[in-house]
Each structure stands twice: as structure tokens, then as C-alpha cells.
Amino acid sequence: QVQLVESGGGLVQAGGSLGLSCAASGSIFSINAMGWYRQAPGKQRELVATITSGGSTNYAGAVKGRFTISRDNDKNTVYLQMNSLKPEDTAVYYCNADAATARYRSAQDYWGKGTLVTVSS
């Protein structure tokens, strides 16, 4: 099994910045795409950004130009730099990874427990 642990959440004022990180551990054979999703109270979980092992990125329209996703394949870690934060960015942010383990080579979907980001007005 693969474990994902997010860190970096907290309270920030509108216009501020935060950086999130997510480290994957376990019996990992390979990690394909990694990404960040978020869920605000009373709303569905939504995609924020994804990045493939080759570095191709995809962003939700609401965060494009403000957030940057990156990864370090050697460390099995994905990052999310969030700038110009808005109150509507307030949510629990979840790390996601499509990964294959040493035992099971077909890719599976894994999720972290989430980290809370609160943006005050």
C-alpha cells in the first residue's frame, strides 16, 4: 500500500501565499500522475491541479495563474505553491497519486488524509 501525507496547510489572509507538500511512502514501484484536489464545506471534491511523471500539468480554471504544481520524482513528493489566495480557496486540500507498488504493478488510486487551508478576508 502507498501512504500519502500532506503538510503546509494553515491560516492566511487574502492575497497571501502558502506552499503545500505531499510525500508518498510505501512499497512504491512507480508513480504516474499526482495531483491536488480540494473540498469546501457543503461542496463536492474538485480538481485543483495534476502533474504527470513527465511534467505535464493541468489546472482548474479557478486557480490557473495563481497556483503552481511541481514534483520531485526522486523524493516521491508533489508540491502546490498557492499565491494570491482568495477566501473561496478555503478548503481541505487532498493529495492524490496513481501508483503501482512493488507487488501490484498495475496503477491504483491513493489519497492523503488532507490538510486544511483557511483564507480570511
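Only this structure's heavy atoms are used, side chains among them; waters, hydrogens and symmetry mates stay out. Numbers here simply count residues along the sequence, with the first being 1.
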For [Y], is there any backbone N or O sitting under 3.5 Å from a side-chain donor or acceptor partner on [X]?
X     : Y      : result
Glu6  : Cys22  : no
Asn96 : Tyr110 : yes
Asn73 : Ser53  : yes
Arg71 : Thr52  : yes

Phe67 and Tyr93 aromatic ring geometry - parallel, tilted or perpendicular at 30°/60° bounds: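 Geometry flag for Phe67 against Tyr93: tilted rings.
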
What is the distance from atom OG of Ser121 to atom CD of Gln13, rounded to the nearest 0.5 Å?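 It comes to 9.0 Å.
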
Any chance you could measure Thr50, atom OG1, to Asn32, atom CG, to the nearest 0.5 Å?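 Nearest 0.5 Å value for the OG1-CG distance: 12.0 Å.
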
Taking Leu85 as the starting point, is it possible to reach Tyr59 by hopping between hydrophobic residues whose side chains are less than 4.5 Å apart?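 Yes; Leu85 is reachable from Tyr59 via cluster members.
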
Going only through I, L, V, M, F, W and Y residues with side-chain contacts under 4.5 Å, is there a path from Val12 to Leu116?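 Val12 does not cluster with Leu116.
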
For a 4.5 angstrom cut-off between non-hydrogen side-chain atoms, does [X] reach [Y]?
X      : Y     : value
Tyr37  : Leu47 : yes
Thr68  : Tyr79 : no
Val117 : Arg38 : no
Asn76  : Val2  : no
Trp111 : Arg45 : yes

For the student: nearest non-hydrogen atoms of [X] and [Y], plus distance:
X     : Y     : result
Cys95 : Leu4  : O-CD1, 3.7 Å
Ser84 : Ser17 : N-OG, 4.3 Å
Ile31 : Ala24 : CD1-CB, 3.9 Å
Asn83 : Gln81 : OD1-NE2, 3.1 Å

Side chain to side chain contact (heavy atoms under 4.5 Å, CB included) partner of Leu20, the single match among Ile69, Val78, Val48, Leu80: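 Answer after filtering Ile69, Val78, Val48, Leu80: Leu80.
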
Pairing donors with acceptors under 3.5 angstrom, does anything connect the side chains of Ser7 and Ser21?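 Distance-only check passes for Ser7 and Ser21.
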
